[in-house]
Amino acid sequence: MTNGIFFLCVFAAKTGRKGLSHSGAHDRFPSMEKMKRTHACGELSLSQTEKEVILNGWVHRLRDYGGITFINLRDRSGVVQAVVESDAPAALRERAASLKFEYCVAVRGTVRARPESMRNPEMKTGDLEVKVFDLEILSTCETLPFMIDGESEAKEDARLRYRYLDLRTSAMQDRIRLRHETAFAAREYLVGRGFYEIETPTFIRSTPEGARDFLVPSRVQPGKFYALPQSPQLYKQLLMVSGFERYFQIARCYRDEDSRGDRQPEFTQIDLEMSFVSREDVFEVTEGMMRHIFKKVMKSDLAVPFRRLPYDEAMSRYGSDKPDLRFGLELKDFGAPAAKSDFQVFKTVLAAKGLVKALVAPGCGEYSRKQITDLEETAKTYGAKGLAWMKVTKEGRLEGGVAKFFEKIAAEVVADLAAKPGDLLLFVADKPRTACVALGAVRTRLGADLKLAKPGDFLFAWIVDFPLFEYNEEEKRWDPAHHLFSMPQEKYLDMLESDPGSVKADLYDLVCNGVELASGSIRIHDPKLQARVFAVIGITMAEAERRFGFLLEAFKYGPPPHGGIGIGFDRFITLLVGVATIREVIAFPKNTVGASAMDDCPSSVDEKQLKDLRLMVIEEEK
Ligand code: ASP
């Protein structure tokens with residue numbers, strides 16, 4: 001980049017303005033004064049026939065047929081064909097002949113119907129064209145690194161390096177427009193429901209919420225740091241203390257996590273918080289907002305209220321806290337038949353208070369050994385030691401895998417699992433959570449392989465009654481399942497210290513099609529209860545004071561009961577658009593290792609900058 005700019009400066013200095021002209025067909029870029037557009041390319045119709053129009057845009061496609069130049073001119077609204085005919089004045093024809101892809105141009109001409117045989121039904125403006133009698137080149141374009149088309153076929157590296165060009169493709173234009181429309185619809189709905197849009201700071205005190213904070217060194221106070229917020233969590237709670245009652249923000253959040261899967265170091269969240277509410281109020285507003293967004297953006301009717309599924313049930317039936325509910329394929333408890341079988345492996349697991357979970361893969365009885373091994377690999381990735389299997393033959397007998405251990409109770413097994421001839425039966429026996437999660441992953445995989453979910457369907461559900469704490473095996477301590485400020489449900493208050501693992505919280509997730517879209521909770525607003533939760537997690541009052549003292553202090557001054565939710569905006573758009581990664585719906589994303597190839601960041605900084613901040617970079621020891 002730097003080189004390019006440097007080159008241009010030198011070039012311009014040597015040759016003056018003329019030097020910027022590419023072909024010599026024009027010696028200056030004209031001002032917009034006389035060529036300001038009167039219409040948008042994609043919005044022209046035959047009703048403008050005979051009208052004189054001025055269009056501004058980019059040369060999308062270019063064809064020259066013996067002196068006639070066809071220019072497909074594109075702006076944000078779409079594409080229209082402009083024609084410079086062979087009888088046009090020589091200067092105009094010459095200028096048209098000098099055009100190249102993605103030159104930025106202005107044309108003046110008249111709208112006319114295309115001859116019947118030349119109409120293009122694929123194009124919105126395919127019935128008409130603009131006969132050009134004036135053409136100005138507003139700027140030229142160098143040889144493109146890739147073609148600007150519908151869906152770019154260039155490698156992602158190149159697309160991100162030249163993102164400003166990639167964003168010109170119609171696929172990216174559509175995605176970014178849909179993102180904009182969604183943000184607008186969310187705002188429109190929330191404002192209509194009495195929410196204030198309030199900005200919270202991006203430089204805050206470092207109060208890690210689960211991930212690592214990004215830090216910003218202070219020059220004025222050397223050795224001190226701001227942090228970038230992982231979410232506006234504490235500030236939105238403070239806004240409730242301040243009496244704003246209903247807050248929202250389309251907020252940027254920052255988490256310094258290792259690059260893994262589909263993550264971005266910065267992402268966007270529709271963040272909201274409400275006072276004097278129970279979880280049902282948060283659900284009702286979120287459902288209303290989703291319905292409004294679907295109506296405005298997707299032009300469809302989203303049924304509300306969404307289904308509610310307790311966490312325990314979701315884990316037991318689907319082996320996931322974000323199940324794809326577009327298909328059934330439920331996990332079943334196989335404890336009773338397993339106990340009656342001759343299969344010692346299952347019996348040992350049951351004796352150790354584990355679970356045997358079963359899944360019926362419909363019509364997969366013909367699966368090859370390799371296909372079954374692939375499914376087993378999926379189960380193993382999620383902690384299972386193996387995946388047991390057997391097939392139901394056409395005659396309804398059990399065959400293959402572990403079938404021999406179930407010979408005596410074959411009929412019972414088939415009936416218990418409601419299995420049909422030609423089905424494949426799959427089992428994981430393990431600790432309860434592992435058995436569910438591992439077989440749940442197999443369920444997800446089968447759902448995709450068998451194409452069980454109808455594309456274009458959106459099935460939302462609330463997962464409710466999450467545990468308040470999760471046990472951290474490595475650190476041998478309880479961690480908050482969400483964040484530190486979620487409210488334990490009243491009926492579990494007595495067990496907070498004695499049995500933390502069984503405490504359910506007023507904590508909820510919104511899921512859709514197997515994707516976790518949002519998390520939220522009713523918050524603790526009682527400092528004494530907050531202190532008890534800190535104690536279970538092992539945070540001393542002194543540490544709590546140091547990290548969140550300002551929030552705890554605010555809670556001494558009449559905090560209202562409150563709760564809210566944060567909706568992952570990028571992920572939501574990814575789901576609406578139906579693309580594989582959130583990078584496809586962010587204008588300028590980082591790549592999979594958190595870098596931007598376009599502006600080459602993160603980058604080194606000048607010695608002077610480091611000195612001003614009194615920072616030193618220590619080279620990693622090899
Ligand atoms: N701050 C939470 C999050 O980022 C959302 C919430 O509880 O409102 O997940």
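Every number for a ligand or one of its atoms is a count from 1 in the order of the listing. When a residue number appears, it is its place in the shown sequence, counting from 1.
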Under 4.0 Å, heavy atoms only, figure out whether ligand 1 is touched by the backbone of Arg523, its side chain, both or neither. side chain
contact_flag Gln269 ligand 1 heavy-atom lt 4.0 Å: yes
Numbered atoms and elements of ligand 1 in range of Lys236, under 4.0 angstrom, heavy atoms: 6 (C), 8 (O)
Which value, rounded to the nearest 0.5 Å, describes the distance between Lys385 atom NZ and Asp430 atom CG? 3.5 Å
Close-contact set for ligand 1 against Gln233 heavy atoms, below 4.0 Å: 1 (N), 2 (C), 5 (C), 6 (C), 7 (O), 8 (O)
What atoms in ligand 1 come closer than 4.0 Å to a heavy atom of Ile565? 8 (O)
Using a strict 4.0 Å cut-off to heavy atoms of Ser231, name the atoms of ligand 1 that fall inside it. 1 (N), 4 (O)
Considering the heavy atoms of Gly566, write down every atom of ligand 1 situated less than 4.0 Å from one of them. 5 (C), 6 (C), 8 (O)
Closer than 4.0 angstrom: is that true for some heavy atom of Gln230 and an atom of ligand 1? no
Aromatic plane relationship, Phe306 with Phe460 - under 30° parallel, 30 to 60° tilted, over 60° perpendicular: parallel
Check ion pair Asp157-Arg161 (N to O, under 4.0 angstrom): no
Tell me, please, which residues at least two apart from Phe283 pass side-chain contact (heavy atoms from CB on, under 4.5 Å). Arg279, Glu280, Glu287, Arg308, Trp462, Val464, Tyr508
Please work out which of the three classes, parallel, tilted or perpendicular, describes the rings of Tyr162 and Tyr164, given edges at 30° and 60°. perpendicular
Would you indicate which of Ser521, Gly520, Gly563, Ser519 comes nearest to atom 5 (C) of ligand 1 when only heavy atoms are counted? Ser519
Of all heavy-atom pairs linking Leu160 and Met598, the shortest is O-CB, 3.5 Å
Does Arg477 come within less than 4.0 Å of Glu475, counting only side-chain N to carboxylate O? yes
Has Arg255 got any heavy atom lying under 4.0 angstrom from an atom of ligand 1? yes
